[in-house]
Amino acid sequence: MKNLNIIGKSKKKIDALSLATGNAKFTDDFYVKDPLFVSFLYSPHAHAKILNIDDENAREINGVVDILHYKNVKQKLHTTAGQGYPEPSPYDTVLFDKKMRYVGDRVAAVIADNKQIADNAVKQIKVEYKILKPVFDSEEALEKDAPIIHDENSYMPIPVKYEPEHNLAAEVEIGFGNMKNGEKEADFIIEKKYSTHYASHAAIEPHSVISYFDEMGRLVIITSTQVPFHVRRIVSKVLEYPLSKIRVIKPRIGGGFGGKQEVFLEPIAALITIKHKRPTKIILSRKEVFQSSRTRHPMKITLKTGVKNSGEITSLSLNALLNTGAYGSHALTIVSNAGSKMLPFFNKVKNIHFLGRSAYTNLPVGGAYRGYGATQGYFALNQQIDIITRKLNLDILEYIKKWHIRTGETSEVFKALGEGTEGVTQTIHSCEMDKCIDLGAKEIDWYNKRKKRIMTGEDKVRGVGIGFSMQGSGIPLIDMGAASMKMNDDGSFNLLVGATDIGTGSDTILAQIAAEVLGINLDKIIVLSSDTDITPFDVGAYASSTTYVSGTAVKKCANKIKNQILKVAANMLNSDEKNLTVANEKITDTTKNKSVTFAEIGSYTLYTKDQFQVQASASYVPKLSPPPFIAQFAEVEVDKRTGKIRVIQFVSAVDCGVALNPKLAEGQIEGAAVNGICYALTEDYKFSKSGKLTNQTFNDYKIWTAADMPEMKTIIVESDEETGPFGAKSVGEIGINGPLPAIANAIYDAVGIRLYHAPFTAEKIYSELNILR
Amino acid sequence: MEGTFIINGKEKTLNFNADERLVITLRNNGYTEVKNGCSEGECGACMILLDEKPVHSCQIFTASVQNKNIQTVKGIGDLYLPHIIQNAFVEAGAVQCGFCTPGFIVATYALLNENPNPTEEEIKQAINGNLCRCTGYVKIIDAIKNAAKSIQKERASL
Ligand code: FES
Ligand code: FES
């Protein structure tokens with residue numbers, strides 16, 4: 001890279017020490033005087049109508065302030081999906097409904113002076129239900145005589161297909177070329193069914209909200225959110241309360257991964273504060289997070305490929321069915337993404353058909369989750385490619401290198417599939433997929449392990465597998481990020497961004513961008529982010545957008561500041577702007593060998609002559625969404641006696657453009673990869689016959705600890721994305737796509753069993769091995 | 001109930017309910033550096049040192065630890081005088097969202113007090129009671145290794 005001082009360096013995260021010493025504040029760490037506490041009553045039935053609620057006894061308990069339910073809260077349809085407006089998700093939710101659609105659906109809220117009283121009072125509410133027949137399977141839900149889950153007046157706010165009377169929460173279909181001809185051209189057809197499962201984001205900080213009136217009578221909401229501006233809008237609309245009277249503050253957030261892109265607690269806290277004029281605190285328990293927040297949508301995929309003996313794919317049909325659970329949050333966009341992120345990868349395929357549908361069922365609610373449909377889609381594609389190349393005895397790595405999309409190329413899919421509507425035409429400007437494959441393969445010693453079935457004990461055998469993928473960087477023409485800056489007397493700057501740091505380090509990355517443009521040290525940038533009263537707008541932390549979209553806004557803003565400073569310096573030095581250079585916190589006239597420092601400029605503009613505030617703001621809406629690329633490799637050991645899997649080594653080689661902060665970029669990949677590995681092996685939702693989630697503790701829902709870790713390696717393969725800020729693309733989501741298929745392919749490599757249905761539990765592998773015997 | 005505790009070296013008298021867990025008492029009294037991620041003894045965000053032993057404070061009844069020594073992450077080091085371990089976490093990129101970090105620092109502190117030169121396996125075992133969803137543990141393990149080295153160096157130079 002060109003001469004850069006701050007970009008490309010692993011600068012310390014600016015909030016890290018504050019976090020490591022326990023100073024930094026998360027939502028629940030804020031003190032509010034005498035708050036009201038909330039406990040929820042949840043439906044024990046998967047599908048039921050409430051005939052009556054009797055809250056008399058509960059109300060009589062000392063300390064109970066109020067009880068909210070369908071009888072006393074206005075029913076305003078909305079979506080909890082914190083997306084751009086109008087949201088491409090159905091308006092199928094009200095705060096308190098008469099109908100219950102899954103075990104864990106919200107019946108009522110008890111508001112009390114302390115949490116214990118609220119918890120006890122919940123048990124005193126009597127509810128009469130009329131139990132309805134539930135449906136849990138996404139295919140059954142779409143059958144003719146299936147029980148209808150949304151039989152009220154839910155609707156889609158954008159003009160796309162939505163048929164709640166058939167439990168169809170979303171449908172998208174595209175096609176190119178001619179499938180029949182494509183299949184005719186093929187020497188053989190491979191058609192396989194795959195399925196992925198439920199998962200919890202399991203951010204260690206549970207969902208938390210505090211609301212109160214400030215001294216001016218404005219409503220303040222401090223919340224663990226990824227989308228503060230969407231929170232403000234949705235609260236305003238749902239409660240019909242003026243947006244101008246709401247201030248949303250995002251403090252430190254204890255992880256999001258998509259789970260905090262949902263606005264389902266803030267309206268309730270706000271409602272209580274408005275009604276009772278008292279601060280309100282809602283902190284979910286871990287059980288509630290598992291059961292009644294949001295999850296990763298399970299998906300059923302049928303992938304049919306026509307293939308020539310040369311390996312060329314002549315037709316590709318992808319049929320994806322999302323189980324969106326009881327509500328349709330992100331139901332359209334996630335199923336679309338399974339196609340839009342996966343189909344362009346092999347862009348030479350001429351004949352393509354994609355049908356994506358989302359079905360309502362009586363199970364927990366899906367939502368945004370790191371990977372966002374791409375994870376599910378690539379699970380199928382990667383295994384299919386493994387199957388094809390094994391059948392043809394082709395080297396899978398060479399095969400991927402031969403057929404993947406590359407720099408200068410495009411795919412019709414980019415235009416055809418967007419966020420519920422059409423997408424945007426784009427050409428790839430940067431792609432180092434080949435290098436990712438080569439370096440990753442070298443690291444894991446692929447060719448000495450692949451198809452070798454190395455035994456490491458009497459019953460233990462090893463194998464390796466690959467999972468490749470691409471993602472995007474923001475949502476083109478929809479996402480918007482903005483920044484503003486001002487200069488202080490000592491040459492430091494306040495940088496205000498709407499962008500939402502949820503632990504990713506975006507505050508640091510954005511400060512690095514500003515510091516680099518201005519040629520100053522990182523500590524001269526004072527960042528304040530995500531306060532709807534103070535910072536400019538930003539859609540928030542999702543769709544892998546922050547670095548690319550908000551980062552470009554910051555870069556534009558810093559450039560405006562730089563121009564202003566140059567003008568002042570030219571005056572101060574009596575120079576021509578052309579002769580000025582900016583570096584090391586000063587501006588130098590190279591012809592005169594004279595310079596002024598930033599501190600001198602800052603002071604001059606505020607106190608000396610022609611005073612004005614050096615300040616600027618800038619917004620950015622991307623026209624493109626350049627994909628990062630990744631090749632991920634797993635080495636596993638299968639115990640043939642027990643079916644137990646051990647991941648021995650996991651390698652990720654990623655092209656995320658220029659890594660603005662390599663350590664933070666690695667951290668994104670490492671965290672995503674481990675999340676993906678757990679998703680493949682241990683994480684799953686287990687339901688009783690009546691649809692009740694039975695493993696809602698960390699004890700029963702296993703996410704890994706350090707002791708479970710394999711040898712991990714992350715390789716950053718730089719490319720220069722000319723459309724991105726200092727060459728950057730995204731890196732936040734992509735790392736979760738590879739583990740599921742890489743491990744499945746590695747298991748096949750080791751023992752020859754093909755696992756179409758995730759997760760890969762020991763029992764499943766054991767029984768498959770028995771079939772093989 | 002009322003009881004006395006030694007918290008971060010200072011004697012404190014606190015009010016609490018008879019069946020209250022220590023994490024709640026501490027947080028209610030301003031020790032919000034002790035986090036609550038699950039209340040079920042699984043995540044380690046609430047980890048503190050109780051008479052120098054790392055424990056999940058959500059699994060301890062406040063009433064049962066009166067007059068005992070309680071040390072939170074702030075007792076190990078603060079913003080103005082951070083401990084080597086805290087600096088090591090910062091340098092290694094081991095802090096993402098940071099919600100788990102106080103617990104990890106406490107666990108590391110206990111480990112390095114007992115075993116200043118741990119193997120990688122010993123490190124992994126020592127932080128087996130702490131969950132981190134953001135980092136994938138790679139940089140946390142790096143940080144602990146670096147902290148051990150720095151502490152040894154410091155001792156050698158004394
Ligand atoms: S809060 Fe104590 S272990 Fe999770
Ligand atoms: S840094 Fe977020 S949970 Fe560990």
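In what follows, chains carry the letters A, B, and so on, assigned in the order in which the sequence lines appear, proteins first and then strands, with residues in each chain numbered from 1. Fair warning: this is a prediction, and the values are worked out from it, not measured in the lab.
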Note each donor-acceptor pair with a separation under 3.5 Å, taking one atom from chain B and one from chain A.
from: Arg27(B); atom 1: NH1; to: Asp29(A); atom 2: OD1; distance (Å): 3.0
from: Arg27(B); atom 1: NH2; to: Asp28(A); atom 2: O; distance (Å): 3.0
from: Arg27(B); atom 1: NH2; to: Asp28(A); atom 2: OD2; distance (Å): 3.2
from: Arg27(B); atom 1: NH2; to: Asp29(A); atom 2: OD1; distance (Å): 2.7
from: Lys35(B); atom 1: NZ; to: Asp29(A); atom 2: OD2; distance (Å): 2.5
from: Gly37(B); atom 1: O; to: Arg286(A); atom 2: NE; distance (Å): 3.0
from: Gly37(B); atom 1: O; to: Arg286(A); atom 2: NH2; distance (Å): 2.9
from: Glu40(B); atom 1: OE2; to: Phe698(A); atom 2: N; distance (Å): 2.6
from: Gln86(B); atom 1: NE2; to: Ala20(A); atom 2: O; distance (Å): 3.1
from: Glu91(B); atom 1: O; to: Lys663(A); atom 2: NZ; distance (Å): 3.0
from: Gln96(B); atom 1: O; to: Lys13(A); atom 2: NZ; distance (Å): 2.8
from: Gln96(B); atom 1: OE1; to: Gln668(A); atom 2: NE2; distance (Å): 3.4
from: Gln96(B); atom 1: NE2; to: Gly667(A); atom 2: O; distance (Å): 3.0
from: Lys124(B); atom 1: NZ; to: Met709(A); atom 2: O; distance (Å): 3.3
from: Asn128(B); atom 1: OD1; to: Thr705(A); atom 2: OG1; distance (Å): 2.6
from: Arg133(B); atom 1: NE; to: His201(A); atom 2: O; distance (Å): 2.8
from: Arg133(B); atom 1: NH1; to: Glu683(A); atom 2: OE2; distance (Å): 2.7
from: Arg133(B); atom 1: NH2; to: Ser200(A); atom 2: O; distance (Å): 3.0
from: Arg133(B); atom 1: NH2; to: His201(A); atom 2: O; distance (Å): 3.4
from: Arg133(B); atom 1: NH2; to: Tyr369(A); atom 2: OH; distance (Å): 3.2
from: Arg133(B); atom 1: NH2; to: Asn675(A); atom 2: OD1; distance (Å): 3.3
from: Arg133(B); atom 1: NH2; to: Glu683(A); atom 2: OE1; distance (Å): 2.9
from: Arg133(B); atom 1: NH2; to: Glu683(A); atom 2: OE2; distance (Å): 3.2
from: Tyr137(B); atom 1: OH; to: Trp704(A); atom 2: O; distance (Å): 2.5
from: Lys139(B); atom 1: NZ; to: Glu666(A); atom 2: OE1; distance (Å): 2.7
from: Lys139(B); atom 1: NZ; to: Glu670(A); atom 2: OE1; distance (Å): 3.2
from: Lys139(B); atom 1: NZ; to: Glu670(A); atom 2: OE2; distance (Å): 3.0

Discussion item. I need the residue from Gly256(A), Pro206(A), Ala16(A) with the largest number of non-hydrogen atom pairs under 4.5 Å to chain B.
Written reply: Ala16(A)
Worksheet item: From Cys97(B) SG over to Ile204(A) CD1, what is the distance, rounded to the nearest 0.5 angstrom?
Response: 7.5 Å
Practice prompt. Look at atom CD of Gln152(B) and say whether more than 12 heavy atoms of other residues, nucleotides or ligands are closer to it than 6.0 Å.
Written response: yes
Item to complete: Counting only heavy atoms closer than 4.5 Å, note whether Ala707(A) contacts chain B via side chain, backbone, both or neither.
Response: both
Worksheet item: What are the two closest non-hydrogen atoms of Gly255(A) and Cys134(B), and how far apart are they?
Response: CA-SG, 4.4 Å
Practice prompt. Check whether more than 12 heavy atoms from other residues, nucleotides or ligands sit under 6.0 Å from atom CD of Glu2(B), and answer yes or no.
Written response: yes
Worksheet item: Given a strict heavy-atom distance threshold of 4.5 Å, which part of Ile502(A) is in contact with chain B: side chain, backbone, both, or neither?
Response: backbone
Worksheet, complete the sentence: Closest heavy-atom pair, Phe698(A) versus Gly37(B), reported as atoms and distance to 0.1 Å, is CE1-O, 4.4 Å
Worksheet entry | Heavy-atom contact with chain A under 4.5 Å, split by part of Ile105(B) | side chain
Discussion item. How close do Ile127(B) and Ala706(A) get, counting heavy atoms only, and between which atoms?
Written reply: CD1-CB, 3.5 Å
Worksheet item: Side chain, backbone, both or neither: which part of Ala92(B) has a heavy atom under 4.5 Å from chain A?
Response: backbone
Worksheet item: Contact part of Met712(A) toward chain B, heavy-atom cut-off under 4.5 Å: side chain, backbone, both or neither?
Response: side chain
Practice prompt. With sequence neighbours left out, write down each residue that passes ring pair (Phe, Tyr, Trp, His ring centres under 6.0 Å) with Phe26(A), or none if nothing qualifies.
Written response: Phe99(B)
Item to complete: Taking the side chain as every heavy atom from C-beta outward, state whether Leu17(A) and Pro82(B) have any pair of such atoms under 4.5 Å apart.
Response: yes
